[in-house]
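Encoded as structure tokens, the structure appears first; notes follow it.
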There are 2 protein chains.
Amino acid sequence: MARRFTIADIAAAAGVSKGAVSYALNGRPGVSDATRARILAIAAEMGFVRNRAARSLSVASAQAVGIALRRSARTLGIEPYFMELISGIEATLSAASFGLTLQIVDSLDAELEVYRRWWAERRVDGILLCDIGVDDPRLDRVADLGLPAVAVGGPVQGARLPAVWHDDAEPCRDVLEYLHALGHRRIARVAGLPHLLHTAIRDRAYAETAAGLGFASVTTVHCDYTGEESARVTRRLLTAPGRPTAIVFDNDVMAVAGLGVAHELGIAVPGGLSIVAWDDSPLCRLTHPALTSLTRDITAYGAQCAQALLAVIGAEPERHAAVRCRPAELSPRGSTGPPRT
Amino acid sequence: MARRFTIADIAAAAGVSKGAVSYALNGRPGVSDATRARILAIAAEMGFVRNRAARSLSVASAQAVGIALRRSARTLGIEPYFMELISGIEATLSAASFGLTLQIVDSLDAELEVYRRWWAERRVDGILLCDIGVDDPRLDRVADLGLPAVAVGGPVQGARLPAVWHDDAEPCRDVLEYLHALGHRRIARVAGLPHLLHTAIRDRAYAETAAGLGFASVTTVHCDYTGEESARVTRRLLTAPGRPTAIVFDNDVMAVAGLGVAHELGIAVPGGLSIVAWDDSPLCRLTHPALTSLTRDITAYGAQCAQALLAVIGAEPERHAAVRCRPAELSPRGSTGPPRT
DNA sequence: CTGAAAGCGCTTACAG
DNA sequence: CTGAAAGCGCTTACAG
């Protein structure tokens with residue numbers, strides 16, 4: 001437990017003022033090259049690291065970013081999405097020597113309260129807003145706070161916050177065209193929460209494309225991303241008359257559950273039922289057959305979100321008002337094939 | 001974007017000194033009840049929230065706890081364990097108005113460097129050490145730093161750090177006795193990383209119990225918790241002569257992958273093969289049949305870990321040197337049954 | 001019970 | 001190029 005040194009210690013050792021040490025450490029003009037080198041050497045030798053609180057207090061910046069997640073422990077655990085996203089965010093932040101503060105909340109009010117507090121106490125310099133909804137009230141509320149923020153999802157037209165998002169419509173079209181080409185005509189979709197923006201975008205893209213391709217039927221059932229609900233819904237879809245020959249699921253967890261139901265009912269996959277998952281986590285390769293899915297690099301997406309937020313905060317040179325990322329791409333695997341007639 | 005108030009503003013409005021405001025806000029003696037009430041009312045009206053950095057600088061405490069995870073984005077995403085753990089930790093911390101700082105690292109050195117930096121810059125008051133290994137070098141290194149810490153896992157005999165852990169041996173015995181009672185005699189185990197402490201504890205518990213019960217064979221194969229490795233290993237186990245009638249997996253992800261392999265090989269579960277998973281995430285109920293598994297409340301476990309750390313830091317009254325939590329309990333489901341002879 | 005002051009460890013104008 | 005000083009917003013002995 002070595003003693004913690006301060007710039008005063010370095011100043012004393014180098015025979016200069018604290019101000020000079022600060023300039024040297026921060027690579028700013030105000031000290032000669034020789035003095036700077038000497039100061040840096042002494043600091044390195046002492047194993048000096050700036051006290052965060054003192055620095056934050058001086059520069060009025062927390063050097064940290066916050067994320068509040070409004071999901072239950074179980075949902076957070078089971079959905080690979082979040083950890084992959086956070087992992088990408090974190091990598092970018094730590095490269096900029098920014099910290100990541102995480103909080104889990106259970107209501108919209110609690111979430112907004114967290115933002116208010118974080119900003120008031122300057123615990124964070126900005127936040128990443130996840131799970132963007134249709135007409136999301138948080139966009140305005142956060143903008144009102146003056147808290148720098150980036151929406152993880154979009155597009156959010158007219159919002160006062162920049163957004164980073166994937167185009168969700170194009171992959172929907174890809175999937176339907178693919179299933180159509182395989183010969184499927186009766187399709188169902190087990191969708192995510194209807195109030196989420198990307199669900200709404202997919203709803204519309206599927207509806208439009210389906211109409212264009214002339215499918216006999218495209219049934220959409222919304223549920224909550226859990227395996228339980230997906231299983232219940234899938235069971236109903238598969239036992240009703242005129243059952244679909246293919247089901248598209250809005251995430252990987254629901255797709256795995258759907259596959260389980262097919263097994264349970266003795267329906268062969270893909271012969272009796274084709275399955276497509278959204279979000280290509282390793283989960284999709286755990287099953288037999290492996291699941292055809294819409295692949296996107298969520299870790300890279302997280303990194304872009306963090307980058308955009310740093311830009312808004314002003315910690316990065318360039319600034320992007322909104323970033324549109326590469327759409328998900330279809331990865332065909334064993335769970336899709338021509339329907340057995 | 002309302003103006004941010006400071007205690008100086010409150011002091012001016014209340015006609016008292018900044019010191020009095022501080023005492024009132026912190027519920028400390030030094031102000032009369034009447035003055036305190038007046039100050040508090042003004043503070044509330046202003047929507048005052050203390051500046052974190054200033055407070056941290058004064059009290060020499062970060063009011064935050066750190067976790068560095070040495071896992072890839074993919075592993076973190078797929079294993080429900082971490083998010084459930086973090087969720088429990090976070091709930092406890094935020095109740096104590098402590099923040100959680102998260103960092104993902106890719107090597108032991110990077111991890112230790114993060115701890116050193118966090119502690120040097122006082123970004124955290126303490127850390128939670130995850131994935132405890134056999135003879136884990138971090139226990140000593142962190143203790144050397146003088147950084148308050150709690151080991152999430154154990155028991156760690158002779159360590160200078162307190163630990164919070166589950167007994168891993170008892171559930172192992174439970175599983176073997178259960179499988180034995182069902183009539184299984186040839187068993188295999190797809191285990192986790194051998195250098196992790198809980199893997200070693202399970203290794204030994206299985207070996208001892210198996211010997212006592214007189215199993216014909218208990219084969220253990222170590223792998224890395226991923227579905228890929230588990231699938232490979234399971235495939236080998238099930239295609240070799242004298243294949244096991246039951247396999248115990250060290251986590252849920254590997255068990256799901258193992259079930260996929262059984263399907264692939266046309267082996268009925270549980271008739272041709274019984275499967276037991278460790279860690280009862282929702283994943284275990286996604287499959288068909290649902291997986292028999294060892295259930296423990298990981299969120300509650302995370303809460304206990306956070307509690308212990310707060311105690312070590314001194315933010316909580318009681319202090320626990322080490323906490324032993326309830327062992328996992330067997331939840332029998334559809335994936336286990338008597339072997340078909 | 002109350003006020004004035006020093007201090008936490010930095011950063012940053014402002015004079016020399 | 002360098003030094004002395006003020007200030008960030010709190011907390012906390014120390015006098016009254």
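This is a predicted model, so every value here is computed, not measured. First the proteins, then the strands, lettered A, B, ... as listed; each starts at 1.
- Across all strands, B:Ser56 comes closer than 4.0 Å to no nucleic acid atom at all (heavy-atom distances).
- No donor-acceptor distance shorter than 3.5 angstrom exists from the side chain of B:Arg117 to the backbone of B:Arg122, with no hydrogens or angles considered.
- Rounding to whole angstrom units, CG of residue A:Leu25 and P of C:dG9 are separated by 15 Å.
- One can place CZ of A:Arg28 at 8 Å from C1' of C:dT11, the figure rounded to the nearest angstrom.
- Between A:Arg71 and A:Asp106 no salt bridge is recorded (no basic side-chain N to carboxylate O distance below 4.0 Å).
- Nearest to the side-chain atoms of B:Ser58 among the listed nucleotides C:dT2, C:dT11, D:dC10 stands D:dC10.
- For the pair B:Cys305 and B:Val150, the tightest heavy-atom approach, listed with the atom from each and the gap, is O-CG1, 4.4 Å.
- Atom P of nucleotide D:dT11 and atom CZ of B:Arg52 are separated by 11 Å, given to the nearest angstrom.
- Distances shorter than 4.0 Å separate some side-chain N or O of A:Arg55 from OP1 or OP2 on C:dT11.
- As a whole-Å value, the separation of A:Arg123 CZ from D:dC10 P is 15 Å.
- Distance, B:Phe48 CZ to D:dG9 C1': 8 Å, rounded to whole Å.
- Salt bridge present: B:Arg160 and B:Asp140 bring a charged side-chain N and a carboxylate O closer than 4.0 Å.
- If you measure from atom CZ of A:Phe5 to atom C1' of C:dC8, you get 18 Å, rounded to the nearest angstrom.
- Distances shorter than 4.0 Å separate some side-chain N or O of B:Arg50 from OP1 or OP2 on D:dT11.
- Across all strands shown, B:Ser22 has heavy atoms under 4.0 Å from base atoms, whether or not it also approaches the sugar-phosphate.
- Closest contact between the side chain of A:Val31 and the listed nucleotides C:dG9, D:dT2, C:dT2 involves D:dT2.
- Nucleotide C:dA15 forms a pair with D:dT2, judged by Watson-Crick or G-U wobble geometry with both contacts under 3.5 Å.
- Proximity note for A:Ser17 (side chain, C-beta onward) versus D:dA4, C:dG9, D:dC10: the nearest is D:dA4.
- B:Arg122 places its CZ atom 21 Å from the P atom of D:dC10, with the value rounded to the nearest Å.
- Of the two residues contacting DNA chain C, namely B:Ala20 and B:Ala54, the nearest-nucleotide position lying further toward the 5' end is that of B:Ala20.
- Per the geometry, CD belonging to A:Gln63 stands 12 Å off C1' belonging to C:dC10, to the nearest Å.
- No salt bridge links B:Glu121 with A:Arg50; every basic N to acidic carboxylate O contact stays at or beyond 4.0 Å.
- Contact detail for A:Leu147 and A:Gly126: the closest heavy-atom pair is CD1-CA, 3.9 Å.
- If A:Tyr23 and A:Lys18 are placed on DNA chain D by their nearest nucleotide, the residue sitting closer to the 5' end is A:Tyr23.
- Both B:Gly19 and B:Leu57 sit near DNA chain C, but only B:Gly19 has its closest nucleotide nearer the 5' end.
- The side chain of B:Asn51 lies closest to D:dC10, out of C:dC10, D:dC10, C:dG3.
- In this structure, A:Thr35 reaches the D:dT2 phosphate: one of its side-chain N or O atoms is under 4.0 Å from OP1 or OP2.
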